[in-house]
Amino acid sequence: MEILFYIAAAVTVLATLRVITHLHAVHALLNLIVALIALAVIFYLLGAPFAAALEIIVYAGAIMVLFVFVVMLLNQGPLTVEQERRWLAPGIWIGPSLLALVLLGEVFYIIMANPAPSQDLVGVQPKEVAIALYGPYVIAVELASMLLLPGLIGAYHMGRRLGKERR
Amino acid sequence: MLTTHALILAMVLFCLGLVGLLMRRNIIYMLLSVEIMLNAASLAFIAAGARWNQADGQIMYLLILTLAAAEVSVALGIVLQISSRFQTLDADALSEMKG
């Protein structure tokens with residue numbers, strides 16, 4: 001179980017290094033997605049399966065898709081086709097794919113071999129999290145909703161003004 | 001033991017995000033670096049929650065996730081505005097406020 005953690009940690013650090021040193025935004029995004037998935041594996045190994053699922057669904061699934069959409073929006077123009085061709089060259093996706101394959105191997109190993117968790121970790125189940133979230137932390141849920149509403153209004157405001165100017 | 005090393009990993013990731021934030025001048029990369037730093041913080045919370053076997057760490061992770069979603073949606077709107085008004089994403093070019 002420990003060796004899985006160290007492999008996932010190495011994948012995270014490598015992918016993050018590629019994020020901050022890469023010159024192409026799409027490649028950096030690919031590497032960041034791999035880093036987030038590796039972080040989800042680490043969350044699982046630390047005994048937080050609910051957080052691992054949320055990391056993949058919300059972070060790698062929703063937030064990174066937003067980033068990809070914006071990067072694609074910013075690259076409009078006649079050069080786009082040539083650019084896309086260059087983005088699809090094998091040298092670009094082979095690094096993140098290898099890192100993701102390492103993570104896939106880890107997941108297969110966990111499913112097949114079902115290794116015992118490390119001794120000092122019990123794991124916090126989603127039920128306990130939910131009971132605590134809607135018990136003593138219910139005010140935090142309200143605060144989160146108060147944070148999300150300005151986020152929604154702000155994003156709508158920014159996007160609406162942009163559409164008006166372009167027309 | 002695992003949680004200690006997870007905290008060290010969180011520290012390394014946070015430093016990488018900070019270095020990226022200071023090193024790059026493209027706004028998209030600066031946003032990505034902020035995301036890396038938020039992830040490092042949430043890893044620290046999860047590791048602490050696993051160490052003490054409490055649910056509080058994961059609740060803090062949920063709040064960080066909410067914060068990141070709200071922050072990214074507004075920040076990417078600002079990025080689109082900047083690119084349409086200034087035709088650039090260079091943070092150093094945005095000096096109209098004379099701060």
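Each chain gets a letter, A, B and so on, in the order the sequences are listed, and its residues count up from 1.
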Q: Say whether, by atom type as modelled, one donor and one acceptor occur between the side chain of B/Y61 and the main chain of A/E55 under 3.5 angstrom.
A: yes
Q: Check whether more than 12 heavy atoms from other residues, nucleotides or ligands sit under 6.0 Å from atom CG of A/L101, and answer yes or no.
A: yes
Q.
Shorter than 4.5 Å, heavy atoms on both sides: which option in B/L63, B/T66, B/I59 has the most such pairs with chain A?
A. B/I59
Q: Counting only heavy atoms closer than 4.5 Å, note whether A/L147 contacts chain B via side chain, backbone, both or neither.
A: both
Q.
I'd like to know which of A/V129, A/I20, A/L45 tops the heavy-atom pair count under 4.5 Å against chain B.
A. A/I20
**Q.** A/L73 side, atom CG; B/S83 side, atom OG - distance, nearest 0.5 Å
**A.** 8.5 Å
Q | Among B/L32, B/I28, B/N26, residue most engaged with chain A (heavy-atom pairs, under 4.5 Å) | A | B/L32
Q. Tell me, side chain or backbone of A/L133 under 4.5 Å from chain B's heavy atoms, or both, or neither?
A. both
Q.
Aromatic contact between B/H5 and A/Y6, with the criterion being ring centroids under 6.0 Å apart: yes or no?
A. yes
Q. Any idea which of A/A9, A/P136, A/G47 has the most non-hydrogen atom pairs under 4.5 angstrom with chain B?
A. A/A9
**Q.** Single-linkage hydrophobic cluster, 4.5 Å side-chain cutoff, A/L98 and A/I33 together
**A.** no
Q | Per-residue contact mode, B/L62 against chain A (heavy atom under 4.5 angstrom) | A | side chain
**Q.** Contacting region of B/L9 [heavy-atom separation from chain A under 4.5 Å]
**A.** side chain
**Q.** Neighbourhood of chain B inside residues 56-64 of chain A, taking heavy atoms under 4.5 Å as contact
**A.** A/V58, A/Y59, A/I63
Q) In the single-linkage hydrophobic clustering (I, L, V, M, F, W, Y; side-chain heavy atoms under 4.5 Å), do B/L67 and A/L149 co-cluster? A) no
Q: Give, as side chain, backbone, both or neither, the part of B/I36 having an atom under 4.5 angstrom from any heavy atom of chain A.
A: side chain
(Q) Test of understanding: clusters of I, L, V, M, F, W, Y form through side-chain heavy atoms closer than 4.5 Å, transitively. Do A/V19 and A/L23 belong to the same one? (A) no
Q) If Ile, Leu, Val, Met, Phe, Trp and Tyr residues are connected whenever their side-chain heavy atoms lie under 4.5 Å apart, and connections chain through other members, are B/I82 and A/M72 in the same group? A) yes
Q) Transitively linked via ILVMFWY side-chain contacts under 4.5 Å: A/I3 with A/V107? A) no
Q: Please report the closest heavy-atom contact between A/A51 and B/I46, naming both atoms and the distance.
A: CB-CD1, 3.4 Å
Q) Contact part of B/Q54 toward chain A, heavy-atom cut-off under 4.5 Å: side chain, backbone, both or neither? A) backbone
Q) Which residue out of B/L65, B/V12, B/V72 racks up the most heavy-atom pairs below 4.5 Å with chain A? A) B/L65
Q: Determine, stepwise, if the pair A/F67 / B/L31 fulfils side-chain contact (heavy atoms from CB on, under 4.5 Å).
A: CA-CA 9 Å; A/F67 267 103; B/L31 271 179; 3.8 Å; yes
Q) Is the number of heavy atoms from other residues, nucleotides or ligands under 6.0 Å of B/R24 CZ greater than 12? A) yes
(Q) Just verifying a value: how many Å separate B/L13 CG and A/T12 OG1, rounded to the nearest 0.5 Å? (A) 6.5 Å
Q) Would you say the side chain of B/Q58 lies within less than 4.5 Å of the side chain of A/F43, judging by non-hydrogen atoms? A) no
Q) If you look at every heavy atom in A/A155 and B/S73, which pair is closest and at what distance? A) CB-O, 3.9 Å
Q.
Heavy-atom pairs under 4.5 Å with chain A: which of B/L16, B/N39, B/V79, B/V74 has the most?
A. B/N39
Q. Which is it for A/L46 and B/L43 under the side-chain contact (heavy atoms from CB on, under 4.5 Å) test, yes or no, and what are the steps along the way?
A. CA-CA 10 Å; A/L46 284 175; B/L43 174 61; 4.1 Å; yes
Q. B/A68, B/A75, B/S33: which one forms the most heavy-atom pairs within less than 4.5 Å of chain A?
A. B/A68
Q: Could you grab the distance from atom CG of A/L32 to atom OH of B/Y29, nearest 0.5 Å is fine?
A: 11.0 Å
Q: Mind ranking A/L17, A/L54, A/I153, A/V141 by heavy-atom pairs under 4.5 Å with chain B and telling me who comes out on top?
A: A/L54
Q. B/L76 and A/F69: side-chain contact (heavy atoms from CB on, under 4.5 Å), yes or no, with the steps?
A. CA-CA 10 Å; B/L76 286 177; A/F69 270 139; over 6 Å; no
Q) Within a reach of under 6.0 Å around CZ of B/F86, are more than 12 heavy atoms found that belong to other residues, nucleotides or ligands? A) yes
Q: With a 4.5 angstrom heavy-atom cut-off, could you sort out which part of B/I78 is near chain A: side chain, backbone, both or neither?
A: both
(Q) Quick check: closest heavy atoms across A/A132 and B/A55, and the distance to 0.1 Å? (A) CB-CB, 4.1 Å
Q. Looking only at atom types and distance, does a side-chain atom of B/Q81 sit under 3.5 Å from a main-chain N or O of A/M158, one as donor and one as acceptor?
A. yes
